[in-house]
Amino acid sequence: MKYARIKGTNDIYGEEMSYWYMIEESTRKIAKLFGYSEIRTPIIEPTELFVRSVGEETDIVQKEMYTFEDKGGRSITLRPEGTAPVVRAFIENSFINKGFPQRYFYIGPMFRYERPQKGRQRQFHQVGFELFGSESSLADAEVIYLAVKLLKEIGLTKFKVVINSIGCEKCRPQYREALKEYYAKHLDEVCDDCKRRYNTNILRLLDCKVDVEIADKAPRSIDYLCDECKEHYNNLKKYLKMLDVDFEEDHKLVRGLDYYNRTVFEIRHDLLGAQSAIAGGGRYDRLIEMMGGKSVSALGFAMGMERLIIAMKAENVKVPPALVNHVYIAHVGDVIEAALNIAEDLRRNNITVVFDVMERGLRAQLKHADRIGALLAIIVGENELSEDFVVVKDMESGEDSKVDINFVVDFVLDKLKEIM
RNA sequence: GUGGCCAUAGCUCAGCUGGUAGAGCGCCUGACUGUGGAUCAGGUGGUCGUGGGUUCGAAUCCCACUGGCCACCCCA
């Protein structure tokens, strides 16, 4: 093999494409229903953008970024996540002048240098939603509700929503202290990773898979929330119930990106393997100001498209084919102009027409028509044409019909309606 | 970055304790010079992931590397 894909990347084509179309179309549909407009940001950004927003100490920044120097000596990074670029665009283009709230969504590739495994690649794809300007729990509820609606739209049912609140800059320090105090007593019992994280990111000790029991008994962030955060969290739960969104509370849910505050949530799927989170997000009220903008409340989430597809397959979700070849046009002999005209007439009526460009015999043409799954084949031949008709073959039944050349479009439309 | 399993034809795989590569499917052609799917016949197809070592001889044993899958770490 001369050239091969870069490790952790994939070619997406054929049948597989139907899943991608399904997710993309559902995303646009739900976005439209909730009033979110699409934003497309560059795949490359200044390295500093992610270092500042995602957090210097996070694994993403420490070891997972695709970073390189361009010819002008600037440090460039392939985006590892979608929120920071949207926030950058928000600030850079003065979206703030458009009033609040503002709703955006994005779809696109992300890059993280990690060891590939099930549900994880180095180039992966996310759909994400961001809502700017509202501090109200109504916004949190809307975003979570929207995520659930989208998952249902693509046919998933076996997922659960998990929420937590990790407080704000006012109350989190106390909680952090409480955790430190608690874990200080257990430091000799926990695993090496936990010992390391005790200093780097104390919150992450909670979702350790080794020292589960110790984490279970650890202080809970919701017991340390200030009054505002507590009310915010309680309202969120109230609104989610109004919206009929089933959720679980998990006081051990914290998230790896530094910019979150208050609400954090995750949606997990049972049939997925180790990487069970198909969506994750939360509130990031301080991020925009931290990045040099005005103080603007915001929140959002992202879904991993590859993981959604794994979940769809695990749940046996039926997806419509990405491409249906309605009509194949076979031509034999000196009839090309007539055949081209028929193709044009059909396409003008939104019928997919595949035209023979190999100039092979009829047998080979029909074989190809069969292979590409054409519903109908139109045979344009010299004999028939001299009497102003063509043969339309139903590829499923094999039945041939003689059709007047002036009524081909009508006949095909009727026939397609009948068999589709 | 760490660990386990794996790598033979386009695909799925066989190849016993080392003796110089095979099947099924696919693809092409013909039977059928203007009617696909079925059948039959013929054909196409592999530096056995790469490099090194052991050996008279390596797809087979050993080492390294690369890649894949799964898990850890972390995350969508």
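To find a chain, count down the sequence lines: A is the first, B the second, and so on, and within it residues start at 1.
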- [ ] Keeping the roles fixed (side chain from A:Thr47, backbone from A:Ser75), state whether a donor-acceptor pair exists under 3.5 Å.
- [x]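 Yes; judged by distance alone, with no hydrogens or angles, the pair exists.
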
- [ ] Indicate yes or no for a side-chain donor-acceptor contact from A:Arg347 to the backbone of A:Val353 under 3.5 Å, with no hydrogens or angles considered.
- [x]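 Side chain of A:Arg347 to backbone of A:Val353: a pair is present.
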
Distance, [atom1] atom - from [M] to [N], rounded to whole angstrom:
{"N": "B:A38", "M": "B:C62", "atom1": "P", "value": "44 Å"}
{"N": "B:A71", "M": "B:C11", "atom1": "P", "value": "24 Å"}
{"N": "B:G18", "M": "B:G10", "atom1": "P", "value": "28 Å"}
{"N": "B:C74", "M": "B:C16", "atom1": "P", "value": "43 Å"}
{"N": "B:G51", "M": "B:C70", "atom1": "P", "value": "28 Å"}
{"N": "B:C56", "M": "B:U47", "atom1": "P", "value": "28 Å"}
{"N": "B:G22", "M": "B:G45", "atom1": "C1'", "value": "13 Å"}
{"N": "B:U44", "M": "B:U39", "atom1": "P", "value": "22 Å"}

Would you say [X] reaches [N]'s phosphate, i.e. side-chain N/O to OP1/OP2 under 4.0 Å?
{"X": "A:Arg115", "N": "B:C70", "result": "no"}
{"X": "A:Gln275", "N": "B:C75", "result": "no"}
{"X": "A:Lys7", "N": "B:G68", "result": "yes"}

TODO: Return the set of residues passing salt bridge (Lys or Arg N to Asp or Glu O under 4.0 Å) with A:Asp223 (not counting sequence neighbours), or none when no residue passes.
DONE: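 For A:Asp223 the salt bridge (Lys or Arg N to Asp or Glu O under 4.0 Å) partners, ignoring immediate neighbours, are A:Arg220.
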
Task: Those residues that, when tested against A:Glu396, pass salt bridge (Lys or Arg N to Asp or Glu O under 4.0 Å) (two or more places apart) - done: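 Counting only residues at least two positions away or on another chain, A:Glu396 forms no salt bridge (Lys or Arg N to Asp or Glu O under 4.0 Å).
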
Rounding to an integer number of Å, can you tell me how far [X] [atom1] sits from [N] [atom2]?
{"X": "A:Ile372", "N": "B:C27", "atom1": "CD1", "atom2": "C1'", "answer": "17 Å"}
{"X": "A:Gln117", "N": "B:C74", "atom1": "CD", "atom2": "P", "answer": "12 Å"}
{"X": "A:Glu114", "N": "B:C70", "atom1": "CD", "atom2": "C1'", "answer": "15 Å"}
{"X": "A:Phe124", "N": "B:C75", "atom1": "CZ", "atom2": "P", "answer": "12 Å"}
{"X": "A:Asp11", "N": "B:G68", "atom1": "CG", "atom2": "C1'", "answer": "14 Å"}
{"X": "A:Arg79", "N": "B:C75", "atom1": "CZ", "atom2": "C1'", "answer": "17 Å"}

side-chain contact (heavy atoms from CB on, under 4.5 Å) against [X], all qualifying residues, sequence neighbours excluded:
{"X": "A:Glu57", "result": "A:Gln62"}
{"X": "A:Tyr113", "result": "A:Tyr66, A:Arg122"}
{"X": "A:Glu135", "result": "A:Arg262, A:Ser297"}
{"X": "A:Ser386", "result": "none"}

Within the structure shown, what part of the strands sits under 4.0 Å from [X] by heavy-atom distance: base, sugar-phosphate, or nothing?
{"X": "A:Glu266", "result": "nothing"}
{"X": "A:Gly281", "result": "nothing"}
{"X": "A:Arg5", "result": "nothing"}
{"X": "A:Gly373", "result": "nothing"}

Open item on the list: I need a per-nucleotide contact map over nucleotides 29-46 of chain B, read 5' to 3'. Cutoff is protein heavy atoms under 4.0 Å; write B for the base, S for backbone only, - otherwise.
Closed with: ---B-BBBB---------

Open item on the list: For A:Phe301, run the side chain to side chain contact (heavy atoms under 4.5 Å, CB included) check against A:Ile144, A:Leu146, A:Ile267 and tell me which one passes.
Closed with: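 The passing option is A:Leu146.
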
Open item on the list: If the condition is ring pair (Phe, Tyr, Trp, His ring centres under 6.0 Å), which residues does A:Tyr328 pass it with, not counting sequence neighbours?
Closed with: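 In terms of ring pair (Phe, Tyr, Trp, His ring centres under 6.0 Å), with neighbours along the sequence ignored, A:Tyr328 is linked to A:His368.
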
Task: Residue whose closest nucleotide on RNA chain B lies nearer the 5' end, A:Ser276 versus A:Leu272 - done: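 Nearest-nucleotide comparison on RNA chain B picks A:Leu272.
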
Open item on the list: Here's a test of your reading of the structure: between A:Pro116 and A:Val254, which maps to the more 5' nucleotide of RNA chain B?
Closed with: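 Counting from the 5' end, the first nearest nucleotide belongs to A:Pro116.
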
Contacts under 3.5 angstrom, residues 307-320 of chain A side chains, donor-acceptor by atom type, not counting sequence neighbours:
| residue | atom | partner | partner atom | Å |
| --- | --- | --- | --- | --- |
| A:Arg307 | NE | A:Gly119 | O | 2.7 |
| A:Arg307 | NH1 | A:Ala277 | O | 2.9 |
| A:Arg307 | NH2 | A:Gly119 | O | 3.2 |
| A:Lys313 | NZ | A:Glu16 | OE1 | 3.0 |
| A:Lys313 | NZ | A:Glu16 | OE2 | 3.0 |
| A:Glu315 | OE1 | A:Thr157 | N | 3.1 |
| A:Glu315 | OE1 | A:Thr157 | OG1 | 2.7 |
| A:Glu315 | OE2 | A:Thr157 | N | 3.0 |
| A:Glu315 | OE2 | A:Lys158 | N | 2.8 |
| A:Glu315 | OE2 | A:His269 | NE2 | 3.4 |

Open item on the list: Between A:Asp250 and A:Arg268, does any side-chain N to carboxylate O distance fall below 4.0 Å?
Closed with: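 Yes, A:Asp250 and A:Arg268 are salt-bridged.
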
Task: Residues from residues 56-65 of chain A lying under 4.0 Å of RNA chain B - heavy atoms - done: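 Listed by number, they are A:Asp59, A:Lys63, A:Glu64.
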
- [ ] Counting heavy atoms from C-beta on, name the nucleotide in B:C74, B:C75, B:A71 closest to the side chain of A:Ala274.
- [x]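 Side chain of A:Ala274 sits closest to B:A71.
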
TODO: Dot-bracket notation for RNA chain B is requested: 5' to 3', Watson-Crick or G-U wobble pairs only, both distances under 3.5 Å, with ( ), [ ], | and . as defined.
DONE: (((((((..((((.....[..)))).(((((.......))))).....(((((..]....))))))))))))....

TODO: Would you mind listing every salt bridge (charged side-chain N to carboxylate O under 4.0 Å, His left out) that reaches into residues 367-393 of chain A, with sequence neighbours excluded?
DONE: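 Every pair satisfying salt bridge (charged side-chain N to carboxylate O under 4.0 Å, His left out) with a residue in residues 367-393 of chain A: A:Lys393-A:Asp400.
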
